[in-house]
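Model, not experiment: these values are computed from the prediction.
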Amino acid sequence: ERRADVVLLVNGFPLVLIEAKTPVRDAISWVDGALQVHNDYERFVSELFAPNVFSIATEGKALHYGAIGAPIEQWGPWRPDDVETVTGLEGMKQTVQSLLRPTVVLDILAHFTLFATDKKKRRLKIVCRYQQYEGANGIVQRVLAGWPRKGLIWHFQGSGKSLLMVFAAQKLRFQPALRNPAVLIVVDRIDLDAQISATFHATDIPNLVKAETRQDLERLLAQDIRKVIITTIFKFAEAGGVLNERDNIIVMVDEAHRTQEGDLGMKMRAALPNAFLFGLTGTPINRRDRNTFYAFGAEDDERGYLSRYGFEESIRDGATLPLHFEPRLIELHIDKEAIDEAFE
């Protein structure tokens, strides 16, 4: 027999399991709760997890959540919207009220849960991190509102921008109000093209197509194909004028700081004059000749970005590992006479 500490039910379905450990023993942390979920409950009461969205482990000081089968290092924190970091029970209260609202749990169930196949052909369940949830929903809400028609997502390297685009594309395609939109994923390197394509294909996103050539891209846009289209920015190089005037085309540009201010970016905008444009980058540039904020930042956005997840937040949450530099003194001994002799 197993008795979970807290189970959250929706219409009788156990969608969230919570393991709450003691807050008064220093040797006990949320990790112990996560290990119990992973090694005990998932193993011996597997039927409990058939409808599970995610599980939570906490000791009252920190709270982490993860999908069934996820390694402990992939369990992440949840940071409440627009709230400064608060510690203790008050911080825990704000986190719980932010994450465990029924609307949020059901939104994660419907739009922010994926099943991916890894290199060992294993099926893995993926649940969004909070910065992916915030960024993707920011894109969707802006498109549904219809204005502004652009936005900058500034998330640090390694924080999961590829999956953010998958979540955003999936939710955009599910919106009836958008009348079956086309979503373009634009990259600027062949290796990124392969990486993004692999991420989308691994997560079994439906209605996915890759523009292999410039002719492919022009045909897909000219024929008004309503799918998720992956392409490189270079395929717009020979675009002659407008390719599609529809206003329910959403373009997400990866590494938006690199190619969007030059001719390629101008040709892409000219080809899709009424499209929504969202730039995703870990390193925005703010110079007179190259300015990511000018290209994608909306005037309505405070400080020029729709969503920001910086280096400090990434380190804090464990999405990026800190780098430690240790200077070493190297002593150089120069034998001037030997050098002169060799030179002569």
Side-chain angles (χ1 to χ4, degrees), residues 53 67 103-117 123-129 131-151 153 155 160-187 192-193 195-212 216-232 235 243-254 256 268 271-280 296 306-307:
V53 181
T103 52
V104 174
V105 174
L106 294 176
D107 193 18
I108 293 174
L109 170 63
H111 305 116
F112 293 90
T113 300
L114 299 169
F115 291 90
T117 305
R123 295 291 283 168
L124 305 175
K125 182 173 180 178
I126 298 172
V127 173
C128 63
R129 291 179 175 268
Q131 73 271 14
Q132 295 165 337
Y133 183 83
E134 177 195 82
N137 269 335
I139 291 173
V140 174
Q141 290 161 9
R142 180 152 295 182
V143 173
L144 288 172
W147 187 263
R149 300 188 70 83
K150 62 179 182 176
I153 308 291
H155 286 194
K161 289 192 293 298
S162 297
L163 280 175
L164 190 159
M165 288 191 284
V166 175
F167 291 128
Q170 178 172 253
K171 188 166 183 178
L172 286 165
R173 294 276 301 155
F174 283 158
Q175 302 303 310
L178 297 182
R179 311 181 318 279
N180 195 14
V183 180
L184 261 70
I185 309 297
V186 180
V187 298
L192 282 178
D193 188 20
Q195 176 189 320
I196 292 286
S197 298
T199 301
F200 272 78
H201 281 295
T203 51
D204 293 340
I205 291 291
N207 296 310
L208 177 66
V209 61
K210 182 177 177 181
E212 299 287 356
D216 264 357
L217 177 63
E218 293 187 16
R219 177 183 57 79
L220 290 168
L221 292 173
Q223 293 180 359
D224 209 11
I225 300 296
R226 311 290 184 95
K227 295 184 177 182
V228 177
I229 303 170
I230 300 176
T231 183
T232 60
K235 292 185 175 68
L243 294 179
N244 196 309
E245 292 184 314
R246 275 195 302 112
D247 62 357
N248 64 339
I249 296 176
I250 303 103
V251 180
M252 287 185 274
V253 181
D254 193 26
M268 185 187 77
L272 306 168
N274 298 315
F276 287 88
L277 297 173
F278 295 96
L280 294 93
F296 289 99
L306 173 60
S307 172

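Between Q132 atom CD and I108 atom CD1 the span is 11.0 Å, to the nearest 0.5 Å. Remark: T232 OG1 to K210 NZ distance equals 9.0 Å, nearest 0.5 Å. Once rounded to the nearest 0.5 Å, the distance linking CD1 of I185 with CG of L280 reads 8.5 Å. Distance CE/M268 to CG/L243: 11.5 Å, rounded to 0.5 Å. With rounding to the nearest 0.5 angstrom, the CG atom of L217 is 12.5 Å from the CD1 atom of I230. Between the CG atom in L184 and the NZ atom in K227 there is a gap of 13.5 Å [rounded to 0.5 Å].
In this structure the side chain of Y133 never reaches within 4.5 angstrom of the side chain of L164, judged on heavy atoms. Put simply, the side chain of L163 reaches to within 4.5 Å of the side chain of T199, judged on heavy atoms. Counting only heavy atoms from C-beta outward, the side chains of V143 and Q175 never approach each other to under 4.5 Å. A 4.5 Å side-chain heavy-atom check between V183 and V251 finds every atom pair outside the cut-off. Taking 4.5 Å as the limit, some side-chain heavy atom of L172 sits within range of a side-chain heavy atom of I139. The shortest distance between side-chain heavy atoms of I249 and N274 does not fall below 4.5 Å. In this structure, the side chains of V253 and F278 stay at 4.5 Å or more apart for every pair of heavy atoms.
Counting only distance, with no hydrogens or angles, the side chain of T203 and the backbone of A116 share no donor-acceptor pair below 3.5 Å. In this structure, the side chain of R173 engages the main chain of P181 through a donor-acceptor pair within 3.5 Å. Under the 3.5 Å distance criterion, the side-chain polar atoms of R142 are left unmatched by any main-chain donor or acceptor of W147. Using modelled atom types, one side-chain atom of R149 and one backbone atom of D247 make a donor-acceptor pair closer than 3.5 Å. The backbone N or O of D254 sits nowhere less than 3.5 Å from a side-chain atom of K161 that would complete a donor-acceptor pair. For the pair E134 (side chain) and S307 (backbone), a donor-acceptor distance under 3.5 Å is absent. The backbone N or O of A222 sits nowhere less than 3.5 Å from a side-chain atom of N244 that would complete a donor-acceptor pair.
A pairwise comparison of heavy atoms in F200 and A169 identifies CE2-CB, 4.1 Å as the closest pair. Considering every non-hydrogen atom in both I225 and A182, the closest pair reads O-CB, 3.7 Å. The heavy-atom pair separating N180 from N248 by the smallest distance is O-ND2, 3.8 Å. When all heavy atoms are compared, the tightest approach of A211 to D216 is CA-CB, 4.0 Å. In terms of heavy-atom proximity, M252 sits nearest to M165 at CE-O, 3.7 Å. When all heavy atoms are compared, the tightest approach of P273 to E245 is CG-CG, 4.3 Å.
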- Task: List the steps, then state whether side-chain contact (heavy atoms from CB on, under 4.5 Å) holds for T113 with I126.
- Result: CA-CA 6 Å; T113 300; I126 298 172; over 6 Å; no

- Task: In sequence, state the C-alpha distance, the side-chain angles, and the governing distance for L272 and L221, and then conclude on side-chain contact (heavy atoms from CB on, under 4.5 Å).
- Result: CA-CA 9 Å; L272 306 168; L221 292 173; 4.0 Å; yes

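Scored by the ring pair (Phe, Tyr, Trp, His ring centres under 6.0 Å) test, F167 finds F112 as partners (sequence neighbours excluded). With sequence neighbours excluded, no residue forms a ring pair (Phe, Tyr, Trp, His ring centres under 6.0 Å) with F115.
Look at D224 and R246 and you find a salt bridge, because one of the NZ, NE, NH1 or NH2 atoms lies within 4.0 Å of a carboxylate O, short of that distance. The existence of a salt bridge linking D107 and K171 is confirmed by a sub-4.0 Å separation between a basic side-chain nitrogen and an acidic carboxylate oxygen.
Side-chain contact of R226 with N207: a donor-acceptor pair under 3.5 Å is absent, judged by distance alone.
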